[in-house]
Protein chains: 2
Amino acid sequence: MKYPKGIKPQPKGSARRTRTLDGKVKYGSRGMTLEKDLDQTNAYYLETGRAVIHKKPTPVQIVNVDYPSRRKAKIDEAYFKVPSTSDYNGIYRGRYIDFEAKETRNDKRFPFINIHEHQVDHMKRCHDQGGIVFIIIKFSLYDETYLMPIGHFLPFWEAFLNGGRKSIRYTDIKDASLLLKQGMNPRIGYLDAVDEFYFENGE
Amino acid sequence: MKYPKGIKPQPKGSARRTRTLDGKVKYGSRGMTLEKDLDQTNAYYLETGRAVIHKKPTPVQIVNVDYPSRRKAKIDEAYFKVPSTSDYNGIYRGRYIDFEAKETRNDKRFPFINIHEHQVDHMKRCHDQGGIVFIIIKFSLYDETYLMPIGHFLPFWEAFLNGGRKSIRYTDIKDASLLLKQGMNPRIGYLDAVDEFYFENGE
């Protein structure tokens, strides 16, 4: 069977256990789905001239580089670094846009363990500077993806830092976020939600 | 002798030949000066709340990761990728800002060999979207650093793509750019030039 470019069928029995690059245990093969869907979405927005939004490269500490030939440099020792910013940023309708995207297989809550404090600090700063800042949260089990404006996220985060809940309840996310429409092209039309929340409502 | 944090004396006889990561031969040890000065400058702008601007991580294609222990992931095979965007972006005065920074030891011209076509295409797109976009060019031999707005850079680039000069003359850069003040903190106060060109002149 032939699938459209970039689309691969889910393997059967996909709830197998895998270990991700940062050592966390993840269940199922859907862990990278959101990232791939956003890559496809951003490529679509770029091609159609709607926005220029990119995922930043994974930050890596390069320790040693080998030169097996004059033309090819091979990195043979490097380590993952903790990111100091969010993963996605760019420009849309003349505005700076910045977001982080996270996926959970939890069916009741989004645990903060998925997010680094550095990243939230960064997003807060961008928000203070007048940027459009949010978190995209996918609940894999429901196949639902939400856009949560940073202003709605921060109260939960600050309560957590002050000893409160270590997660946001699914129901709270539903109440404080926009549900994103999913399709073929773009896969996750998050800019329609940005239009609705940041432009049409006059924020 | 003790030097302030982050400042190292230039080694004597610094005009030795070195090979950079992408295989190009570079002369002298000053190749990384501009990048370090911009890192310090951006850290200063971040601390003082003036702007949120970061250098993107070097894009790397990770091929293999080894797990010598449960907690530590070691990348033991990876390769440098050609960047598809410019190196720096962020938000300033509510606006999206995007730039590339390049250094040359040439005393008469800035050769285009220093810039990838992908990067210019990216900057053009950001410019079309209403972002503040420019190239910072340092002439190491003169210790002069210029901010060249992308609108001033593109005519030279397009002439080059159509078979014209493979470089921009130093004198042309001088005429079409803002000379950046250098200091201790920030080292390269490029946002003052941004204020002057993009805000005070009404662009």
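To find a chain, count down the sequence lines: A is the first, B the second, and so on, and within it residues start at 1.
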Notebook entry, point to check: Which atom names give the shortest non-hydrogen contact between Pro59(A) and Pro57(B), and what distance separates them?
Noted result: CA-CB, 3.8 Å

Notebook entry, point to check: Quick one: are Val52(A) and Tyr96(B) in side-chain contact, heavy atoms under 4.5 Å?
Noted result: no

Margin query: Is Lys72(B) close to chain A through its backbone or its side chain, or both, or neither, when contacts mean heavy atoms under 4.5 Å?
Written below: side chain

Note to self: How close do Ala73(A) and Tyr79(B) get, counting heavy atoms only, and between which atoms?
What the structure shows: O-CD2, 3.4 Å

Check: Can you tell which of Arg125(B), Lys81(B), Glu77(B) has the highest number of heavy-atom pairs within less than 4.5 Å of chain A?
Finding: Arg125(B)

Notebook entry, point to check: Pick from Val60(A), Leu46(A), Thr58(A): which one has the most heavy-atom pairs with chain B under 4.5 Å?
Noted result: Leu46(A)

Check: Has the side chain of Gln129(B) got a donor or acceptor atom that lies under 3.5 Å from a matching backbone atom of Arg95(A)?
Finding: no

Check: Heavy atoms under 4.5 Å from chain B: which residues of residues 83-92 of chain A carry them?
Finding: Thr85(A), Asn89(A), Gly90(A), Ile91(A), Tyr92(A)

Check: Just wondering, more than 12 heavy atoms not from Lys124(A) lying within 6.0 Å of its NZ?
Finding: no

Notebook entry, point to check: What residue in Arg93(B), His122(B), Lys56(B), Lys74(B) has the most heavy-atom pairs under 4.5 Å with chain A?
Noted result: Lys74(B)

